[in-house]
There are 2 protein chains.
Amino acid sequence: MTRSEIKAFFKAMRPYLAPSTLDELSDCCDYLKLPKGTALIQEGKRHHYCYFITKGAVKSYYLNDGKEICSWFAFERETVSTIKTFAGQPSNETIKLIEDSAFIRVNIKAFKALAESNISIGRLTHELLIEHAIFLEELLYLKSKPGKERYQELINAEPQLLQRVSLTDLASFLGISRETLSRIRSKS
Amino acid sequence: MTRSEIKAFFKAMRPYLAPSTLDELSDCCDYLKLPKGTALIQEGKRHHYCYFITKGAVKSYYLNDGKEICSWFAFERETVSTIKTFAGQPSNETIKLIEDSAFIRVNIKAFKALAESNISIGRLTHELLIEHAIFLEELLYLKSKPGKERYQELINAEPQLLQRVSLTDLASFLGISRETLSRIRSKS
DNA sequence: CAATCTATTTGACATATGTCACAAAAACTA
DNA sequence: TAGTTTTTGTGACATATGTCAAATAGATTG
């Protein structure tokens with residue numbers, strides 16, 4: 001992916017970013033492709049990058065009694081990091097690729113420095129934080145419902161999930177057992 | 001509460017705020033006392049203020065099939081708003097006082113304008129957003145556990161909750177029925 | 001393509017939790 | 001304080017969900 005493609009990516013994401021801002025931003029970025037199964041961020045470790053998915057898919061999870069609990073999935077054009085990473089603290093989640101994927105990667109320190117010197121990048125990080133919080137609130141709302149409704153609402157809102165996420169991961173995300181998910185699906 | 005008490009409140013909250021910044025900030029604030037039961041923010045409506053609790057307690061909830069589902073509680077020195085309110089959108093939660101309470105109130109537009117003109121207020125709003133996101137992630141983590149553990153971890157982390165929150169609200173927050181909470185409590 | 005491995009489905013069963021009804025306790029109110 | 005309302009606790013029961021084991025389907029590899 002060329003530098004001008006990186007700029008086009010951010011321009012599509014936030015049309016308000018001026019050409020000079022896109023120059024500054026893309027200077028801090030690099031591009032990388034990684035195979036399915038790679039861990040982008042690991043539970044318990046500090047990381048220094050924020051990622052934007054240009055192709056592929058990831059899941060975020062943490063371990064509870066040795067069992068993976070999925071907290072979310074992300075796909076093309078979505079921003080991927082953990083808030084703890086953003087805050088400079090060790091992550092409490094692992095982010096792993098569930099497909100061969102490609103990312104634009106930004107160093108968080110450089111990103112924050114830019115945000116302080118360039119007001120529209122400041123606006124971008126502010127908006128990313130607000131969107132992340134809204135996303136988390138929607139997750140909480142979803143998770144407050146009974147399992148059956150959780151599945152149906154989710155599939156209604158994002159039918160493409162079923163094509164790209166294993167039912168095992170989906171069940172753990174929904175907070176129900178694989179078997180229960182299978183039964184919910186066979187009845188509807 | 002006098003203007004200098006308001007300044008002292010923010011100074012205690014963020015020691016990095018300079019006297020001149022505290023002046024600017026406190027100019028946008030007012031102070032108000034409200035009785036138990038008052039709704040600070042209502043589901044479906046747009047609101048224009050962010051609150052800081054100086055005394056008292058609130059709960060946030062939304063309705064599902066006519067039933068209240070508590071999403072969080074907040075107490076002295078905590079910041080109270082909804083992220084949707086912050087984003088200028090109608091709130092999807094109602095925030096109601098569960099004790100007679102007192103607040104410092106800031107107009108969100110003025111707060112955001114200050115954040116753009118004064119870099120340390122910008123830092124403050126940025127930090128508030130990050131803390132809110134971390135708070136939501138911890139809630140999600142808590143809610144991914146079985147009901148019994150949710151209760152025990154919560155009471156372990158915040159024993160004072162039991163003194164200030166009704167068991168009905170606590171059960172709805174934990175996502176279990178009142179009766180189940182009562183049984184969990186009587187066994188432990 | 002056969003062989004192997006992984007993911008998903010199904011059955012049987014135990015258990016946790018919700019619901020409803022009612023009792024007891026506590027908090028308000030006049 | 002007595003009466004009323006609200007909150008909390010208990011019992012009985014139905015049901016949803018988890019767990020374990022095994023079968024089936026699907027994917028991957030040589």
Side-chain angles (χ1 to χ4, degrees), chain A residues 35-39 56-59 61 63-70 73 96-101 142-155 159-188, chain B residues 34-39 56-59 61 63-70 73 94 96-101 142-155 159-188:
Chain A
K36 177 173 172 172
T38 309
V58 306
K59 67 175 174 184
Y61 66 89
L63 295 177
N64 203 339
D65 290 327
K67 261 177 41 181
E68 276 188 22
I69 312 233
C70 273
F73 305 100
K96 203 171 256 187
L97 313 208
I98 57 176
E99 297 174 5
D100 293 343
S101 305
L142 181 72
K143 297 219 174 182
S144 74
K145 308 203 160 188
K148 200 176 289 180
E149 291 176 38
R150 283 205 289 279
Y151 172 73
Q152 277 148 0
E153 286 205 14
L154 185 67
I155 293 314
Q160 76 285 4
L161 266 187
L162 280 179
Q163 321 305 321
R164 303 183 73 176
V165 166
S166 79
L167 293 174
T168 302
D169 285 343
L170 189 59
S172 114
F173 171 74
L174 291 170
I176 57 182
S177 70
R178 227 164 8 105
E179 293 89 336
T180 299
L181 177 57
S182 179
R183 288 179 183 118
I184 288 173
R185 282 163 50 73
S186 69
K187 270 173 211 151
S188 60
Chain B
L34 293 167
K36 176 173 174 173
T38 310
V58 306
K59 67 175 175 184
Y61 67 89
L63 295 177
N64 203 339
D65 290 326
K67 261 177 40 183
E68 276 188 23
I69 313 233
C70 272
F73 306 100
T94 296
K96 204 172 256 188
L97 312 210
I98 57 177
E99 298 174 3
D100 294 342
S101 306
L142 181 71
K143 297 219 173 182
S144 74
K145 309 203 156 186
K148 201 175 290 183
E149 290 177 38
R150 283 205 288 281
Y151 172 74
Q152 277 149 359
E153 286 207 13
L154 185 68
I155 293 314
Q160 77 284 4
L161 267 188
L162 281 179
Q163 320 306 321
R164 303 183 74 176
V165 165
S166 78
L167 293 174
T168 302
D169 285 342
L170 189 59
S172 114
F173 171 75
L174 291 170
I176 58 182
S177 70
R178 229 166 7 105
E179 293 89 337
T180 298
L181 176 58
S182 179
R183 286 176 186 120
I184 288 173
R185 281 163 52 74
S186 69
K187 272 173 212 151
S188 62

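For clarity, every value in this text was computed on a predicted model and none was experimentally measured. When reading the values below, keep in mind they use all heavy atoms of this one structure, side chains included, and skip hydrogens, waters and symmetry mates.
With values rounded to the nearest 0.5 angstrom, A/I98 atom CD1 is found 12.5 Å from A/T38 atom OG1.
No donor-acceptor pair closer than 3.5 Å links the side chain of A/R178 to the backbone N or O of A/T168.
Rounded to whole angstrom, the span from the CG atom of A/L181 across to the P atom of D/dT17 amounts to 11 Å. We find that CZ of A/R150 is positioned 15 Å from P of D/dA16, with the value rounded to whole Å. At whole-Å resolution of the value, CZ in A/R164 and P in C/dA7 are 18 Å apart. Between the CD atom of B/E99 and the P atom of C/dA27 there is a distance of 14 Å, given to the nearest Å. Look at CG on A/D169: it is 13 Å from C1' on C/dT6, rounded to the nearest Å. Straight-line distance from the NZ atom of B/K148 to the P atom of C/dG18: 12 Å, rounded to whole Å. The nearest whole Å value for the distance from the CG atom in B/L162 to the P atom in D/dT8 is 10 Å. Straight-line distance from the CG atom of B/L174 to the C1' atom of D/dT8: 16 Å, rounded to whole Å.
Backbone-only engagement by B/I176 is indicated by non-hydrogen atom pairs under 4.0 Å involving sugar-phosphate atoms exclusively. Within 4.0 Å of B/T168, counting heavy atoms only, lie sugar-phosphate atoms of the nucleic acid but no base atom.
In this model, the phosphate group of D/dG9 is not approached by any side-chain N or O of B/S186 to a distance below 4.0 Å at OP1 or OP2. Not one side-chain nitrogen or oxygen of A/T180 sits closer than 4.0 Å to the OP1 or OP2 atom of D/dT17.
On a pure distance criterion of 3.5 Å, no polar donor-acceptor pair joins the side chain of A/R178 and the base of D/dG18.
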Side chain to side chain contact (heavy atoms under 4.5 Å, CB included) evaluation trace for A/L154 with A/L170: CA-CA 10 Å; A/L154 185 67; A/L170 189 59; 3.7 Å; yes

Stepwise side chain to side chain contact (heavy atoms under 4.5 Å, CB included) test for A/I176 and A/Y151: CA-CA 10 Å; A/I176 57 182; A/Y151 172 73; 5.5 Å; no

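Closest contact between the side chain of A/L167 and the listed nucleotides D/dT19, C/dT19, C/dT9 involves C/dT9. In the set C/dT9, D/dA12, D/dG18, D/dG18 carries the atom at the smallest distance from any side-chain atom of A/R183.
Mapped onto DNA chain C by nearest heavy atom, B/E179 and A/V165 fall at different nucleotides, with A/V165 at the one closer to the 5' end.
Geometric assessment of B/K143 against the ring of B/F173 yields a positive cation-pi assignment under the 6.0 Å and 45° thresholds.
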